[in-house]
Structure formats: structure tokens, C-alpha cells
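Let me begin by presenting the structure, written as C-alpha cells, before commenting on it.
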Amino acid sequence: MDGKHILIVDDESAICRVLSCLLKREGFEVSTAVDGLEALAILTNQDGSGAPVDLLLTDFNLPYLTGLEIVDALTYEGIAVPVLMMSGNHDESLEYEAYARGCLAFLKKPFEPQALLEAVCNALDASRSVSAYRS
Amino acid sequence: MQTTGPNTLTLGFQLRHRCEHIKAYVKALQSQTYAPPIVALWNLRALQDEAHLAGLSRLCTICSDMEILLILQGCRMDERLLSLMDELSKAVAEIEPEESPVGRSSGFSSANEPALCIAGDGA
């Protein structure tokens with residue numbers, strides 16, 4: 001998993017900070033965004049960084065665009081990125097919507113650091129398997 | 001005991017002071033009394049940054065682990081938090097033993113230990 005680029009999107013800077021720290025320790029490259037528009041700029045490479053995102057880890061409640069709207073925008077743009085959704089809202093319909101749009105996991109805040117790492121690794125494994133099958 | 005000069009003592013003094021704030025918060029969590037997390041989180045972050053700058057990687061990792069637990073688990077009591085607090089106290093204690101910095105230039109203002117900073121300022 002070394003070197004995989006993960007984009008964390010959360011409007012709470014403390015969450016971005018600790019998630020970034022946790023994932024960097026595991027060898028991932030991490031970018032952060034505090035709202036949906038900034039996230040889309042990174043995902044569509046409008047920010048000019050040039051590094052493709054291998055996994056999107058996004059909160060549901062965000063300024064400008066919700067996590068689900070980011071997923072919709074990615075689908076519209078034809079950008080295939082595995083997505084993990086996080087939310088402090090434990091509404092089952094929200095979880096259903098997330099899975100219906102293709103999110104690979106729905107993490108209910110608060111969650112264990114280990115649960116996040118497992119979800120990230122599983123999502124990247126699944127994504128790699130799908131890519132291998134398609135090629 | 002590290003006696004490499006005034007800076008080492010000042011750093012140890014600061015770290016110990018920050019550690020006390022964090023310990024007080026963890027104790028409050030343990031006793032299920034309400035305490036706002038902001039002071040503890042602020043000190044934890046500052047301690048982490050200072051430890052990082054001083055090249056104290058173990059201390060930095062402990063602080064980081066505590067911050068991750070507190071933030072991701074919504075400041076809930078956790079056995080791991082107690083264990084990390086214990087490690088943090090030990091790691092900080094190793095940096096500087098119980099030595100009074102009176103008469104040394106600490107430049108550090110402490111609400112808990114006012115006599116120490118007044119004497120240390122040399123003003």
C-alpha cells in the first residue's frame with residue numbers, strides 16, 4: 001500500500017490532522033481538503049498537483065457540497081476513485097445512499113483508528129482487484 | 001539527568017507543565033467528571049510539536065497516538081488512553097528530573113508554579 005495517495009476531506013481541521021497523521025505513518029501519501037469544492041479541484045487535478053488520488057476518504061457534512069454530491073460529481077466526470085464515507089450522522093438511509101452510490105465503506109464517527117486502517121486497506125485491495133479484472 | 005544547558009532544562013520544564021494539563025484532563029475523563037478537552041488538546045499538540053523540534057521521537061509518537069485516540073473516539077475514556085498517559089508521564093520525566101529551575105532563565109510562565117517563573121525571568 002506504500003505510496004498510495006489518499007485524499008481526506010473534512011471541515012474539522014483536527015480530524016484532518018489526526019487522520020493524516022495516522023495514514024502517513026502507514027506509508028500513504030495524504031492530501032487534505034476542507035470542503036467539497038477543494039476536494040473536487042484535487043480529484044480533477046485542477047489544483048495542478050498532478051498526483052492522481054487512489055482513495056477518497058470524505059465526511060458527509062461538508063461546506064458547499066456534501067460527501068454524496070462529491071461522489072455524484074465524480075461519477076458525472078467519469079473519475080473512478082474508491083470512496084470511503086464518514087459521518088457523525090448515523091441515519092441508516094444515509095448509509096444506504098452511500099452504499100447505493102458505490103461507496104466501499106461507511107464509517108460512523110466516532111470510530112477506532114484500526115477500523116479506519118482496515119477499511120482503507122480493504123478498499124484499496126478491492127480497487128486493485130477490480131482494476132486487474134478489467135485489464 | 002540531562003544537564004546540557006539552560007535550554008534543555010527549559011524544554012523539560014515546559015513539557016512537564018503541558019503533561020500536567022493533559023494528565024488533569026485524562027483524570028477528569030477517568031472520574032467521569034466534565035472537563036472541556038480544548039486545553040488538553042492544545043497542550044498535547046504543542047507538546048508534540050516541541051518534542052518533534054527537539055528530536056524526541058518517542059514522545060512525539062505517544063502524543064500523536066493520544067491525539068488520534070481523543071479526536072477519533074470523541075474524547076471518550078479508553079484504557080489505551082491511561083496506558084499512553086502513563087507512558088507520556090514517564091517519557092517526560094526522563095527528560096528532566098524533579099529539579100527546580102529557580103534562578104535559571106526559563107522564560108516560561110506557569111500558572112501552577114508561579115514562583116518558578118518569577119524567579120526565572122530575572123526581571
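This structure is a prediction, so every number in the text was calculated from the model and none was measured. Reminder, nothing fancy here: chain letters follow the sequence lines and each chain counts from 1.
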Chain B to chain A donor-acceptor contacts, backbone plus side chain, under 3.5 Å:
from   : atom 1 : to      : atom 2 : distance (Å)
Q48(B) : OE1    : R17(A)  : NH2    : 3.3
S64(B) : OG     : R25(A)  : NH2    : 2.6
D65(B) : OD1    : R25(A)  : NH1    : 2.6
D65(B) : OD1    : R25(A)  : NH2    : 2.8
E67(B) : OE1    : R17(A)  : NE     : 3.2
E67(B) : OE1    : R17(A)  : NH2    : 3.2
E67(B) : OE2    : R17(A)  : NE     : 2.9
L72(B) : O      : F111(A) : N      : 3.1
Q73(B) : NE2    : E112(A) : OE1    : 3.3
Q73(B) : NE2    : E112(A) : OE2    : 2.6
R80(B) : NH1    : E112(A) : OE1    : 2.9
R80(B) : NH2    : E112(A) : OE1    : 2.9
R80(B) : NH2    : E112(A) : OE2    : 2.9

Counting neighbours of CG on L53(B) that are heavy atoms of other residues, nucleotides or ligands and sit closer than 6.0 Å, is the number greater than 12? yes
When clusters are formed by joining ILVMFWY residues with side-chain heavy atoms under 4.5 Å apart, either directly or through shared neighbours, do I15(A) and I8(A) land in the same one? yes
Using the rule that two of Ile, Leu, Val, Met, Phe, Trp, Tyr join whenever any of their side-chain heavy atoms come within less than 4.5 Å, decide whether I42(A) and V34(A) are in one cluster. no
Could you pull out all residues at least two apart from A24(B) that satisfy side chain to side chain contact (heavy atoms under 4.5 Å, CB included)? none
Members sharing Y34(B)'s hydrophobic cluster (side chains within less than 4.5 Å): none
Would you say L117(A) and L124(A) are hydrophobically clustered, going by side-chain heavy atoms of ILVMFWY under 4.5 Å? yes
Show me the donor-acceptor pairs within less than 3.5 Å that the side chains of residues 86-93 of chain B make with the rest of the protein, sequence neighbours left out.
from   : atom 1 : to     : atom 2 : distance (Å)
D86(B) : OD2    : K90(B) : NZ     : 3.3
S89(B) : OG     : M85(B) : O      : 3.0

Looking at every non-hydrogen atom in both residues, tell me the closest pair between I71(B) and A14(A) and how far apart they are. CD1-CB, 3.7 Å
Contact class of L19(A) relative to chain B, heavy atoms under 4.5 angstrom: side chain
